[in-house]
Novice: 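I'd like to ask some things about the structure below.
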Amino acid sequence: MASRSHRWWQTAVIYQVYPRSFQDTTGNGVGDLPGITSRLDYLAGTLGVDAIWISPFYPSPMADFGYDVTDYCDVHPMFGTLADFDDLRVAAHDRGLRVIIDWVPNHTSDQHPWFVASRSSRHDPKRDWYVWRDAKPDGSPPNNWQSNFGGLAWTWDERTGQYYLHSFLAEQPDLNWRNPEVQAAMFDTVRFWMDRGVDGIRIDVAHYIMKDPQLRDNPPAGERVEGVRDRGEYDALEHIHDKGHPDIHGVFRELRSVLDGYPGDRFAVGEIHISDWDEWAAYYGENLDELHMPYNFSLLWAPWSASGYRSRIDAMEAALPEGAWPNLVLGNHDEVRLVTRYGPHRARVAAMLLLTVRGTPTMYYGDELAMPQTEVPPQQEQDPWGIRVPGQSRDGCRTPMQWTAEPGAGFSRGDVAPWLPCGSDPDSHNVANQTADPASMLSLYRSLLVLRRAEPALHAGAYRSVDAPEGTYAYERWAGDDRFLVVLNFTSEETAFSIDEPGSIELGTGLDRAGPVGGSLSLGPDEGVIVRLQPDGDVVSTQT
Ligand code: GLC
């Protein structure tokens, strides 16, 4: 049972749904909101998560598949209607599932009426809602900022003779968050959804909304940071001026007060890619009055290593401000899928870590089935980033959820071509088969989720890493008298971990372990084990 002293978003497991790819109910090959509603029993019951985050479903020309919004307060007809959203929310709440939506504050679509007005004339009242600047005397853009999706972050507007800023596609102009009218209008869009009863927001590229007011050039990059995505040319500059200006914290304090004005613990998690832990931690706010959590992506691109994982988790714990709550992400709609990054056995160890380390986990749809990255043929490529910058396509992690082994994978009708092709191995990576298989990845996730939900030590307890043999990462979780030891073998060799006190195995990643342990715990290659320790036992021993 959830601990009373914790907020729902602290004990919850969040599950990300990419709405285009979850369930199609209209036969157009694209998922929709009624499709998500029809799968809530799976999410709340079969799988057993606590909250869903739904990527954008707003009206949009889909230049970046919904991250280019033309109306923040409506639903794209392809996904359904506002009434469909209300049905989804009610049905989710009936099942005890919280609903988090994606809020995209850094940029709108270039088709948004605000931008259409803004670009219509230099004197339009909305001109200053976006970032417009004159060319340099030689006609070049105002500075050297680059778009995340390749090329310059400035596009020349012939009619009004100025450049506008876009940190992503030219079809995604950046809003000017230094304009109070923009702030007011955007906070109103949050109120719109809070009034409709959503439980929280995931903030898209949250650290981008405040830039250097003087728009200074970014300096050349220093040494490459290990364990982050290689972004090619974009990495040549140190991105210190085009995002994360300290004025951002005032905006998030304001946002927090909007959320806190509502009953029921409305929640905000920010997508923030920062390698400096102190800078990351600042997004909680000095008085924990900004974001409830900045996402922790530190393990997404980390090499598979016990010491690397331990040091990253411990660094996050050390950086957390007093009272702040940790979290962990191992996959999302922008990254190569978990099982493809690590392989099938290691992905099980990663699942055990995700669901037993301290903090709120966010799972990505299909990872519970070990769905691999799908090879999308070039002629079917959709992702604008991949089309502009070879090697960066995110299509492979966005393919349809695989529900059954039938043609269409239960996602769409068999005679319909889905917007991205289904994975090539629907026979094994689907809900129907894996529900029936007691050793499947889905069964592992279900067991982990059941155990996590039942044990306050796991969903709310304290964390401490303990010394372990090289290649093994071990930690204790405890709450009151309840104590667990998690031992994860990151190597492909057998290993042994000595325990000074008796305990019993609760769960192993192969779903084939149980029974008492004492003295020595042997672990197979790429195996993880959760051990329940005696209430009054001593601390776990240091290892040889
Ligand atoms: C975030 C989203 C990504 C999107 C980008 C621009 O990184 O997760 O999918 O393309 O922002 O909105």
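Atoms considered below: every heavy atom in the structure, side chains included; atoms not considered: hydrogens, waters and symmetry mates. Counting starts at 1 for both ligands and their atoms, in listed order.
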Novice: Looking at atom 12 (O) of ligand 1, what's its closest protein heavy atom, distance included?
Specialist: D204 OD2, 2.7 Å

Novice: Would you please determine whether D64 falls within less than 4.0 Å of ligand 1 on a heavy-atom basis?
Specialist: yes

Novice: Could you tell me the residue and atom name of the protein heavy atom closest to atom 7 (O) of ligand 1, and the distance to it rounded to 0.1 Å?
Specialist: E271 OE2, 2.8 Å

Novice: Could you list which atoms of ligand 1 come closer than 4.0 Å to a heavy atom of H107?
Specialist: 6 (C), 12 (O)

Novice: What do you reckon, does F149 put a non-hydrogen atom under 4.0 Å from ligand 1?
Specialist: yes

Novice: Any idea how Y309 and Y342 line up, ring-wise: parallel (<30°), tilted (30 to 60°), or perpendicular (>60°)?
Specialist: perpendicular

Novice: Please state which part of H273 comes within less than 4.0 Å of ligand 1, counting heavy atoms only: side chain, backbone, both or neither.
Specialist: neither

Novice: Please identify which atoms of ligand 1 are closer than 4.0 Å to at least one heavy atom of R398.
Specialist: 9 (O)

Novice: For the pair F149 and W385, name the ring-plane relationship: parallel under 30°, tilted 30 to 60°, perpendicular over 60°.
Specialist: tilted

Novice: For ligand 1, is any non-hydrogen atom under 4.0 Å from Y18's backbone (N, CA, C, O), its side chain (CB onward), both, or neither?
Specialist: neither

Novice: R191 versus R196: any side-chain heavy-atom pair under 4.5 Å?
Specialist: no

Novice: Which of the numbered atoms in ligand 1 are below 4.0 angstrom from a heavy atom of R394?
Specialist: 3 (C), 4 (C), 9 (O), 10 (O)

Novice: Charged N to carboxylate O below 4.0 Å: is that the case for R256 and D289?
Specialist: no

Novice: Give the residue, atom name and distance (to 0.1 Å) of the protein heavy atom nearest atom 8 (O) of ligand 1.
Specialist: D334 OD2, 2.5 Å

Novice: Looking only at non-hydrogen atoms, find the nearest pair between Y365 and S21 and report the distance.
Specialist: OH-CB, 3.4 Å

Novice: Charged N to carboxylate O under 4.0 angstrom, R216 versus D212?
Specialist: yes

Novice: I want to check a possible cation-pi pair here: R39 against Y42, using under 6.0 Å from ring centre and within 45° of the ring axis as the test.
Specialist: no

